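Written below as C-alpha cells is the structure these notes are about.
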Protein chains: 2
Amino acid sequence: MADEDPAAKATLAATSWAILAILSPERELSGYDVKKVTEWSIRYFYWSPQFSQIYAELKKLEKLGLVTSRMDHDNGARNRRLYKITAAGLEAVTRWANDTPAEPPMLKHSVLLRVAFGNLAGPEKLKDLLQEHVEFAEDMLRQATHDAQVAETVDAWAYSRLALQWASRYYASERELALQMMKDLDEAEEAFGRSGGPGSAPAPRYWDEIGEKVNVEGKQA
Amino acid sequence: MADEDPAAKATLAATSWAILAILSPERELSGYDVKKVTEWSIRYFYWSPQFSQIYAELKKLEKLGLVTSRMDHDNGARNRRLYKITAAGLEAVTRWANDTPAEPPMLKHSVLLRVAFGNLAGPEKLKDLLQEHVEFAEDMLRQATHDAQVAETVDAWAYSRLALQWASRYYASERELALQMMKDLDEAEEAFGRSGGPGSAPAPRYWDEIGEKVNVEGKQA
DNA sequence: GTGCTCATGTAAGGCGTTACATGATTAT
DNA sequence: ATAATCATGTAACGCCTTACATGAGCAC
C-alpha cells in the first residue's frame, strides 16, 4: 500500500483494468472470486486469465494503491485474502473507462490458420476441423445464452447482459461462417474435380507475385 | 543445421508453425518477406507478429533443422538473409497440419470489455466506442475483400482466398453486431429513462448472487 | 481415509512487444 | 542533400502459461 504513482495509471494493461473493473462495485473479493467472474462473463469475448496471473495482478494493483487487502478468517473458513478497491482505484478505473481509446480487437483463430494453409492437409481434414469448430461454437452459444438469461434477473447486471447477448450472436455467427466454409470447400472440390486443385498440388512459388499484386493497390491504414 | 530433435516438432507454438507453413512452398524468403505475407492474409484472422519476433522464430527454426539460410548478395542488393524450408521442416509442418487438433480460437475484444463494464462510462461513451469499431470493421472488410479478389487471380492461392472470404464475412458480421449493440443501448436507455438504469447507478454488490445463480445450472464443458 | 474441491501461491520459462541501433537503397 | 523506405537485428521487459506445491474443508 504505497505508490500512488499517477503515471502508472495510464500504462496498465487491459487485463489489469479488467480486474480492477471487476472490483469496481465496492465489494470485497478473493482472487478465486475474481476468476469466477471472468469465467462467468468475460471469457466469451476476452478470454480468461489463469489463477496465478490474477493473484499476481492483485498484488500489483495493491502495490499501486488501487486496491487494499485483508485476510479473512470469519467466513467459514479457509484462509483467503480479500481485496477491495480504493478511492484512487475507483477514480483510475473510471478514467480508464472514459478516456482511453479501445485497442483494436485481437483474434487468433487457429482454425482459419489451418484453412489458409489448407494445401498442407486437404479439404477432408479441414472439414473435420471445421465440424469440431461448429460444435465448439454451439457449445459457447448455449452457455452464453444461458448466462445472458441469468443476467436478466438482476438489474445491476444490465451491461453484462448486453455483452453476453452480443456473445450469443457472435457464436451463432461463428457457427454459420464455419458451415459456409464447409460448403465453399465442397464446391471448390467439385470445381477442381480430382485434377490438381486445392489439396493435391504442392502449390509452389506464390510469393513472387505478392509484392507486385498486393502492395500497390489497396491498404489505407 | 543441427538438432533434428523429433520431440520439439510437437511442441512448437502456433506462430512458429505459421511461419514454417509460409515457407512451405519451397521458396526462399527473407524475414521481411515473411512479414509481408502475414500482413497480406494472416493478420485478418491470426494477428501479425512483429519483425523482431519473426527474425527470432526463423533463427529458432534453423536451430531445429527445419529451415536453412544463406546470405543474399546477388539480388540488388542490401544484405538480406534468405530462408528455405528443409525436408525435415516440410515433413514436420505437414504432420502439424494433419495430426494436430486446432486450439480453440482466442479473442480479446476490448470494445466488448468496455461494454461489459459500461456502468463505469455510460451509454453515450459506449456508443462512441462502438461507432469507432464499426469504422474499424468496415475498413477491415474493405481490405479483406480486396485481398480476396487479388487471391482469385492465382490458382495456388485458393485456400488463402477461402480464408480471406471468411474474413470478409467475419468483419461484415462484426459490423452488424456493433450496430445491433448500439440499438440495444438506445432501447435500454429508453426503457430505464433517466431513472437509475445503466449508466447512472454505481451498480453495487452483485457478486453475492453469482455463486448461487451461475455455478449450479449450466456449463457442461 | 480417500479423493475432490476450495484456495493460494511460487518458479521457470516462453511468447510477444516496444524501443533502440544501424546501414544501405531509393525517391524528392 | 535529405528524407523515406528497405532490411536486419539486439536488449529489455512485461504478459501469460504450465507445472508444481501446499494445506484445509467436505463428501462418500
Side-chain angles (χ1 to χ4, degrees), chain A residues 8 10-19 28-39 42-43 46-64 69-83 103-104 106-108 110 211 215-216 219 221, chain B residues 8 10-19 28-39 42-43 46-64 69-83 103-104 106 108 110 210-211 215-216 219 221:
Chain A
T11 54
L12 285 181
T15 303
S16 307
W17 290 123
I19 291 176
E28 287 188 304
L29 293 182
S30 70
Y32 212 85
D33 295 334
V34 170
K35 171 73 169 170
K36 268 196 288 195
V37 174
T38 67
E39 290 284 322
I42 293 176
R43 68 176 172 118
Y46 203 86
W47 109 117
S48 200
Q50 302 300 311
F51 279 112
S52 54
Q53 193 188 353
I54 289 174
Y55 290 120
E57 293 285 350
L58 286 170
K59 269 189 188 166
K60 190 170 78 179
L61 292 174
E62 184 167 28
K63 220 160 73 178
L64 291 170
S69 77
R70 66 176 182 88
M71 288 306 288
D72 175 34
H73 309 289
D74 320 332
N75 190 358
R78 316 151 180 100
N79 275 0
R80 46 191 231 135
R81 181 170 293 275
L82 296 178
Y83 290 87
E103 304 144 48
M106 119 139 197
L107 177 65
K108 281 193 177 187
S110 298
N215 277 339
V216 197
K219 317 266 161 148
Chain B
T11 54
L12 286 181
T15 303
S16 308
W17 290 122
I19 290 176
E28 287 187 306
L29 292 183
S30 68
Y32 212 84
D33 296 334
V34 171
K35 171 73 170 171
K36 268 196 289 196
V37 174
T38 66
E39 290 284 323
I42 293 176
R43 70 177 171 117
Y46 203 84
W47 110 116
S48 201
Q50 301 300 310
F51 279 111
S52 54
Q53 192 187 355
I54 288 174
Y55 290 120
E57 293 285 351
L58 286 169
K59 269 189 188 167
K60 190 170 78 178
L61 292 174
E62 185 168 26
K63 220 159 74 178
L64 292 170
S69 77
R70 66 177 181 88
M71 290 305 290
D72 175 33
H73 308 290
D74 322 331
N75 189 359
R78 318 151 179 101
N79 276 0
R80 45 192 230 132
R81 184 170 290 275
L82 295 178
Y83 290 87
E103 305 144 47
M106 118 140 197
K108 281 191 177 187
S110 298
I210 271 195
N215 277 338
V216 197
K219 317 267 162 142

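Keep in mind the model is a prediction, meaning the values are calculated, not measured. A, B, ... follow the sequence lines: proteins, then strands. Residue 1 opens every chain. Scope of the values below: all heavy atoms of this structure, side chains included, with no hydrogens, waters or symmetry mates.
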For B/Thr15, the side-chain hydrogen bond (donor to acceptor under 3.5 Å, both in side chains) test, sequence neighbours excluded, returns none
To the nearest angstrom, the NZ-C1' distance between B/Lys36 and D/dT5 comes to 11 Å
Quick one: are A/Glu28 and A/Asp72 in side-chain contact, heavy atoms under 4.5 Å?
-> no
Taking only nitrogen or oxygen atoms into account, show me every contact under 3.5 Å that the protein makes with nucleotides 16-19 of chain C, one pair per line with its distance.
from, atom 1, to, atom 2, distance (Å)
C/dG16, OP1, A/Lys108, NZ, 2.2
C/dG16, OP2, B/Thr15, OG1, 2.9
C/dG16, OP2, B/Gln53, NE2, 3.1
C/dT17, OP1, B/Trp47, NE1, 3.0
C/dT17, OP2, B/Gln50, N, 3.4
C/dT17, OP2, B/Gln53, OE1, 3.3
C/dT18, O4, B/Ser52, OG, 3.1

query: Looking across every strand, which nucleic acid part, if any, lies under 4.0 Å from B/Lys60 by heavy atom: base, sugar-phosphate, or nothing?
result: sugar-phosphate
Sorted by chain and number, sequence neighbours left out, side-chain hydrogen bond (donor to acceptor under 3.5 Å, both in side chains) with A/Ser48 holds for A/Thr38, A/Glu39
Here the distance between atom P of C/dG9 and atom CE of A/Met71, to the nearest Å, is 7 Å
note: A/Tyr55, atom OH; C/dG9, atom C1'; distance rounded to Å ~ 7 Å
Note: A/Ile54 and A/Pro49 closest approach over all heavy atoms is CG1-CG, 3.9 Å
Residues passing the salt bridge (charged side-chain N to carboxylate O under 4.0 Å, His left out) test with B/Lys59, sequence neighbours excluded, are none
note: B/Leu64, atom CG; C/dG14, atom C1'; distance rounded to Å ~ 14 Å
Students should find that the end-to-end axis angle of the helix from C/dG1-D/dC28 to C/dT28-D/dA1, with five pairs defining each axis and rounding to 10 degrees, is 30°
Q. Are A/Val34 and A/Glu57 side-chain neighbours, meaning at least one heavy-atom pair lies under 4.5 Å?
A. no
Of C/dA7, D/dA7, D/dT10, the nucleotide closest to the side chain of B/Lys59 is D/dT10
Atom NZ of B/Lys35 and atom C1' of D/dA7 are separated, to the nearest Å, by 14 Å
For a 4.5 angstrom cut-off between non-hydrogen side-chain atoms, does A/Met106 reach B/Met106?
yes
note: A/Leu82, atom CG; C/dC6, atom C1'; distance rounded to Å ~ 14 Å
Those residues at least two apart in sequence (or on a different chain) that pass side-chain contact (heavy atoms from CB on, under 4.5 Å) with B/Phe51 are B/Tyr32, B/Lys35, B/Tyr55
By side-chain contact (heavy atoms from CB on, under 4.5 Å), B/Ser110 pairs with (sequence neighbours left out) A/Tyr46, A/Ala102, A/Glu103
Separation of C/dT8 atom P from A/Tyr32 atom OH, nearest Å, is 9 Å
From CD of A/Glu62 across to P of C/dT8 the rounded distance in Å is 13 Å
